[in-house]
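A short worksheet on the structure shown next.
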Amino acid sequence: MITAAVFDAKPYDRQYLASAQDGSGIDWHFFDFRLDAKTAHAAQGARSVCVFVNDCLDRICIERLASLGVRHIALRCAGFNRVDLAAAAAASVAVTRVPAYSPHAVAEHTVGLLLTLNRKIHQAYNRVRELNFSLQGLVGFDIAGKTVGIIGTGKIGRVTAEIFRGFRARVLAYDPYPSKVWAEENGVVYADFDPILQSADILSLHLPLTAEVFHLLGTEAFSKMKKGVILLNTSRGELIDTKALIRALKSGHIGGVALDVYEEEEGIFFEDLSGKVLQDDELSRLLTFPNVLITAHQAFLTVEALQEIARVTALNILRLSRGETCLDGTGVFAGVS
Ligand code: NAI
């Protein structure tokens, strides 16, 4: 039996990991709290730790895990920006992730956010429940014929672009590694970053967070955008400078923003803080705008994605414990021991 310590475990994590296809042979130890240097001691006795997007695996945390005998960090997500990969390699702790579980889940949520924000469905829902059947203030726009900018055409960006093509939008894309055949087959046009900023009516982020793209969208980028642009971010919060975003919203330059991620989401998203005083002033300000729609890192949350995350995570844990590499596509990418 392999012991895996699961941090930041929500009820759905427990349900899907405990019943993971291929998961027998793993003794799951679930913890509600997140993993960081202070909580690493909870991994005592585990060969693997299983973590999510807001667990903080910095050098100190990884060295503590290694000293406890942990040999494997199994991310149950795609993004790995909170793991110090160099520290993991130095400590001979393998790191695996689930690089693709359901790009459709995230892409469909992205488009759902846009439809909700643009057609004000969230406002209409509340109105009608109050027996207010007025349409005043609910005017949206057709997506057909608009220009959508997709930044990052990996798995999620490509599906999102294809959905927007289905709406008959013009789709421009930027990626340092363009998929030219896919673009041609789907009527997507690659362009440089700045021209996309200048012409997009809707701009959607689908690139990973790295140091180079921290605050990719800030004051300078906003100033290049069309007045009234709608921004969609289901990728990582730190891609957008929140303070600059608030200024651009206040000035009316940005027409609307839908976020599934937020740069200071750690400790807020995934938690029930109702009844508490929200300490984050910028998030509080964002929540006051009628043209801002926020979901709490929910884009991945479909049955299909949860099943696939659980299946691949369990497989990664078992294969690494047997000294095998992961199956193609499951991605051991650091410190293979
Ligand atoms: P992917 O690795 O398939 O694609 C990322 C693409 O971004 C690649 O084509 C890459 O060349 C491109 N890229 C890298 N640097 C770029 C830059 N500076 N400008 C433009 N493009 C750049 O990743 P995938 O699966 O499409 O996921 C994208 C991101 O979505 C993840 O990194 C993660 O942050 C986020 N995500 C969010 C979820 C949510 O629940 N909100 C769930 C899963 C992923």
Side-chain angles (χ1 to χ4, degrees), residues 8 10 12-13 51-55 75-83 85 97-114 148-164 171-183 186 188-197 200 203-218 221 231-240 257-263 265-266 268-270 293-306 308-309 312-313 329-331 333:
D8 204 8
K10 303 295 182 217
Y12 48 82
D13 293 314
V51 297
F52 196 51
V53 292
N54 286 325
D55 294 288
L75 289 153
R76 56 182 191 279
C77 57
F80 50 91
N81 48 289
R82 283 184 179 269
V83 183
L85 295 180
R97 61 178 179 143
V98 187
Y101 34 92
S102 173
H104 298 277
V106 183
E108 289 169 13
H109 190 79
T110 307
V111 178
L113 286 173
L114 173 70
V148 179
I150 299 284
I151 309 301
T153 53
K155 293 172 285 296
I156 296 169
R158 287 203 298 271
V159 177
T160 309
E162 289 166 23
I163 297 173
F164 278 119
V171 176
L172 300 179
Y174 170 72
D175 195 303
Y177 304 98
S179 309
K180 289 187 178 144
V181 174
W182 163 82
N186 289 280
V188 172
V189 176
Y190 276 106
D192 287 337
F193 185 61
D194 276 7
I196 295 180
L197 293 188
L203 190 76
S204 196
L205 299 181
H206 301 287
L207 67 163
L209 175 66
T210 58
E212 297 78 59
V213 290
F214 178 79
H215 285 182
L216 176 73
L217 301 188
L231 301 181
L232 308 174
N233 187 9
T234 56
S235 195
R236 282 295 178 266
E238 293 92 332
L239 295 171
I240 297 184
V257 183
L259 305 173
D260 187 51
V261 287
Y262 169 59
E263 59 175 325
E265 69 179 54
E266 186 188 346
I268 301 177
F269 283 13
F270 307 111
L293 181 64
I294 298 179
T295 52
H297 211 133
Q298 150 187 3
F300 73 99
L301 200 66
T302 65
V303 168
E304 292 77 4
L306 288 169
E308 185 62 3
I309 288 169
V312 174
T313 302
T330 57
F333 60 98

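These values consider heavy atoms only, across backbone and side chains, with no hydrogens, waters or symmetry-generated copies. Read the numbers this way: they start at 1 and go in the same order the structure lists the ligands and their atoms. For reference, positions follow the sequence shown, starting with 1.
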Check whether any side-chain heavy atom of Arg82 lies under 4.5 Å from a side-chain heavy atom of Val53, and answer yes or no.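 A side-chain contact under 4.5 Å is absent here.
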Donor-acceptor pair, Glu162 side chain versus Val159 backbone, under 3.5 Å?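 Side chain of Glu162 to backbone of Val159: no pair is present.
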Within the 3.5 Å criterion, strictly below it, is a donor on Thr153 or Tyr190 matched to an acceptor on the partner's side chain?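 Short answer, yes.
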Between ligand 1 and the protein, find all N/O pairs closer than 3.5 Å and give the distance for each.
| from | atom 1 | to | atom 2 | distance (Å) |
| --- | --- | --- | --- | --- |
| ligand 1 | 3 (O) | Lys155 | N | 3.0 |
| ligand 1 | 3 (O) | Lys155 | NZ | 2.7 |
| ligand 1 | 9 (O) | Gly154 | N | 3.4 |
| ligand 1 | 9 (O) | Asp175 | OD2 | 2.6 |
| ligand 1 | 11 (O) | Asp175 | OD1 | 2.7 |
| ligand 1 | 11 (O) | Asp175 | OD2 | 3.4 |
| ligand 1 | 26 (O) | Lys155 | N | 3.3 |
| ligand 1 | 26 (O) | Ile156 | N | 2.8 |
| ligand 1 | 34 (O) | Ser235 | O | 3.3 |
| ligand 1 | 34 (O) | Arg236 | NH1 | 3.4 |
| ligand 1 | 40 (O) | Phe300 | N | 3.2 |
| ligand 1 | 41 (N) | Thr234 | O | 2.9 |
| ligand 1 | 41 (N) | Asp260 | OD2 | 3.0 |

Return a table of donor-acceptor pairs under 3.5 angstrom between the side chains of residues 106-114 and protein atoms on other chains or two or more places apart.
| from | atom 1 | to | atom 2 | distance (Å) |
| --- | --- | --- | --- | --- |
| His109 | NE2 | Thr295 | OG1 | 3.0 |
| Thr110 | OG1 | Val106 | O | 2.7 |
| Thr110 | OG1 | Thr234 | OG1 | 3.0 |

Phe300: what forms a ring pair (Phe, Tyr, Trp, His ring centres under 6.0 Å) with it, not counting sequence neighbours?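 If we apply the ring pair (Phe, Tyr, Trp, His ring centres under 6.0 Å) test to Phe300, skipping adjacent residues, the hits are Phe52.
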For Glu263, enumerate each residue passing the side chain to side chain donor-acceptor pair (under 3.5 Å) test, keeping only those at least two apart in sequence or located in another chain.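 His215, Thr242.
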